[in-house]
Every structure is written in C-alpha cells, then in structure tokens.
Amino acid sequence: KFRFLFCDLLLQRELIIMTRKTAIIIVIAIGACAILLVLLGIVIVVNPLSGIGPKVAVIEITGTIIKSDPIIEQIHGYRDNPSVKSIVLRINSPGGAVVPTQEIYSELGKLKTKSRKKIVASMGTTAASGGYYIACVADEIFANPGTLTGSIGVIMQIITAEGILKKVGVGSEVIKSGKFKDTGSPMRSMTDEERAILQETVDDVYAQFVDAVFEGRQNKGLTREEIVELANGRIFSGQQAYERKLVDELGDLQDAIKRAGELGGIKGEPKVVKYKQRKSLMEQILGVSVEQKVEQLFESGMSLRYELY
C-alpha cells in the first residue's frame, strides 16, 4: 500500500510539473502572438500597401528638416512598389539644414530617373527655402493661394558672447593648428578675412540652390537670370509664386493627388497610401517631436541652412 501511495505521489508531482511547463509554454506562445500582432499592426499602419490596384503615394515633409533617413526610407519603399504609380510630396516646412534637404532632393531625382514615376508637390501652410528646394524636383508644383513659399537663399548664424563674457571676467585661450581653425568661435569676433571665407562658402551653397531651382523650372519658362532675381531670400504667397512661375498650379492636396493620378495613368479616383508614424506619449502631450527638439538642441553652433527666418 505504501508503494502504491508513493507512486501516486510521484505521478501527481510529475503532473504538476507538466502542468506548470504547459502553462509556461502557453504564456510564452500567447506573448509571442501578441508581439506578432502588434508588429503586424504597425506594418499595416505604417506601410499600407496591401491593397489591390494602382495607387498614389503621399510623402509628408513636415517641420524643420533636420535629418533625411525617414523620408528616404519612404522614397525607396514607394520606388520599389509596382502598385505605386506616382507620388505626391505634401510639404509643410520652412526648410532646415542643407545636407538632409539635398539628400531628399537627390533621392527623389533618382526615383524619377529609375522608376519613371511622376512626382507632384503640394504646398501646405509653408513650403519655403529648403521646403521649396525639395519641391523643385517635382514634375508639377501645387500651392494654395495663401501658402508661404520662396525664401530662396542660405543663412549662417553665429552667436558671439565676447561682450558679455568680458563683463563677467571670463576669457579663453586657444591653441590651434591653423589661423582659421576657430573661425566662428563665440568667444571672439570674426576677422574680415574669416568673414570673407564664410561668405564665399555661403555663396557656393546658394549657387547650388539656384541650380536646383533652375533645373526644375527651366522648362516652365524661367531663365537662370530671372531665378537669381527672385532668389534674394524674400518670401512669396502661393498666388505671387504662381504669377512668377515658381509654382505651376493653385490648388489643395486633393487637387495634387488627382493630378498625380492622371500623370500616373490611373483612371478614376486614385487610391492613396501614406506612412503613418506612431507618435510617442510625449509627442501626443506636447504636440512636437521630442527627438527633433533634442537634435536641434545639440546641433552645431555654426551650420548652413536653407531655412525661412
């Protein structure tokens, strides 16, 4: 009897162990499924390209342009998707840093060359400076009559704290390898020679901006001389830009989407797809991108910018 009781206890123990293992496996499986569903949900939200039929993709360029990677990722995704026939750039930006602006412009140009897909730019509230630079890659540009655009130019700002530092008795000693190594230092005023060097650099980057505008607008009836005359940093309303041939049509986003569908050979109302970036809790509360603000905070004190001021 004792032997049977002992065996029964062992059997119960094994059953308990098996039950625990089974429970653990079930929990792990449920957790894995939940993670998979979340990932699938993100894919569905972020990259909604599973629908059937030709589509117009909308790429949103919003806020100060600080980095290009997220936009370029979208460009490559739509470039390689055969169901996307054309692209609308929805621009609501005052511009930003020169390099990411040029990178976005360059990748859009490659998309046009390699995939032969048409691009239509749609300007929102603001599409100035770097925002206009990017728009120039489009086959057609739409603006609202009240859009703020233009501001074709380059700016470099350097903060000088020399005066206030002298008042509090703070100075600095610099050891450098060349006389121009600390050009732009906030600890002292620039020399005329340094100012001339920086102006030469700004003028070179400005010429690159004019080149981009001319490349995009020369077939629209604008000469380089006319562009240079307009490229003095001033802003234009959408109506004024239209009158000066800086944009092609006056219209809203829906007008641009319709035109993109026509250029892409889509009959009827085009299906529209776009990436939807999930916002963090802080972004939802503050209404701004925390990551973008941190990047702005740690940007170099001296940088070239295609930006509206």
Side-chain angles (χ1 to χ4, degrees), residues 45-49 54-79 81 83-96 100-101 103-109 111-112 115 117-151 212 216 235-238 241-242 246-264 266 269-279 283 287-289 292 306-308:
V45 171
V46 173
N47 192 16
L49 296 176
K55 306 174 185 70
V56 171
V58 175
I59 297 177
E60 295 181 339
I61 300 174
T62 305
T64 303
I65 301 168
I66 295 176
K67 60 181 182 179
S68 59
D69 294 354
I71 302 298
I72 290 176
E73 184 180 350
Q74 294 182 49
I75 293 169
H76 290 173
Y78 294 137
R79 177 198 64 194
N81 192 292
S83 69
V84 173
K85 302 302 180 184
S86 54
I87 291 173
V88 170
L89 301 175
R90 178 60 171 178
I91 304 171
N92 197 359
S93 169
T101 298
E103 287 177 341
I104 294 169
Y105 174 90
S106 176
E107 289 302 314
L108 287 167
L111 178 145
K112 288 176 62 178
S115 68
K117 295 179 181 181
K118 299 295 185 180
I119 299 175
V120 175
S122 170
M123 296 180 171
T125 302
T126 305
S129 205
Y132 183 72
Y133 189 115
I134 293 172
C136 287
V137 78
D139 296 285
E140 294 185 15
I141 301 175
F142 280 67
N144 289 279
T147 295
L148 284 181
T149 187
S151 189
I235 59 170
F236 302 97
S237 69
Y242 173 71
L246 291 173
V247 304
D248 299 293
E249 299 289 344
L250 294 177
D252 58 20
L253 176 59
Q254 297 308 313
D255 295 323
I257 290 172
K258 181 180 178 181
R259 181 55 180 157
E262 294 171 353
L263 292 175
I266 299 174
E269 192 76 18
K271 296 179 181 178
V272 178
V273 293
K274 66 178 178 178
Y275 283 68
K276 293 182 180 178
Q277 185 177 3
R278 288 181 177 243
K279 294 183 178 180
E283 287 180 76
V288 295
S289 170
Q292 189 179 66
Y306 293 141
E307 190 169 10
L308 174 65

Closest approach of [X] to [Y] (non-hydrogen atoms, all atoms of both residues):
X      : Y      : result
Tyr78  : Val58  : OH-O, 4.2 Å
Ala121 : Ala138 : N-CB, 3.6 Å
Lys85  : Gly264 : CB-O, 3.7 Å
Ile65  : Pro100 : CG2-CB, 4.0 Å
Ala57  : Val84  : CB-CG1, 3.7 Å

Summary of side-chain hydrogen bond (donor to acceptor under 3.5 Å, both in side chains) pairs that have at least one residue in residues 248-264, sequence neighbours excluded:
Glu140-Arg259, Arg217-Asp248, Arg259-Glu262

Scan residues 122-133 for pairs that pass side-chain hydrogen bond (donor to acceptor under 3.5 Å, both in side chains), counting only residues two or more places apart or in two chains.
Arg90-Ser122

Is there a side-chain contact (heavy atoms from CB on, under 4.5 Å) between Asp139 and Lys112? Walk through the geometry before answering.
CA-CA 9 Å; Asp139 296 285; Lys112 288 176 62 178; 3.5 Å; yes

Contact check, side chains of Leu89 and Leu108, non-hydrogen atoms, under 4.5 Å:
yes

Taking C-beta and beyond as the side chain, do Thr149 and Leu246 meet within less than 4.5 Å on heavy atoms?
no

Rounded to the nearest 0.5 Å, how far apart are [atom1] of [X] and [atom2] of [Y]?
X      : Y      : atom1 : atom2 : result
Ile61  : Ile71  : CD1   : CD1   : 5.0 Å
Ile134 : Ile104 : CD1   : CD1   : 4.0 Å
Phe236 : Thr147 : CZ    : OG1   : 14.0 Å
Ile91  : Glu60  : CD1   : CD    : 11.5 Å

Using side chain to side chain contact (heavy atoms under 4.5 Å, CB included) as the criterion, point out the one residue from Leu111, Ile141, Leu263 that pairs with Ile119.
Leu111

Option passing side chain to side chain contact (heavy atoms under 4.5 Å, CB included) with Ser68 (candidates Glu107, Glu103, Glu73)
Glu103

NZ of Lys117: more than 12 outside heavy atoms within 6.0 angstrom?
yes

Would you say Tyr242 has more than 12 foreign heavy atoms packed within less than 6.0 Å of its OH?
no

Holding to side chain to side chain contact (heavy atoms under 4.5 Å, CB included), I want the full list of residues that pass it with Ala260, two or more places apart in sequence or in another chain.
Val56, Ser86, Val88, Val120

Using atom types as modelled and distance alone, determine if a side-chain donor or acceptor of Ser93 lies under 3.5 Å from a backbone N or O of Thr64.
no

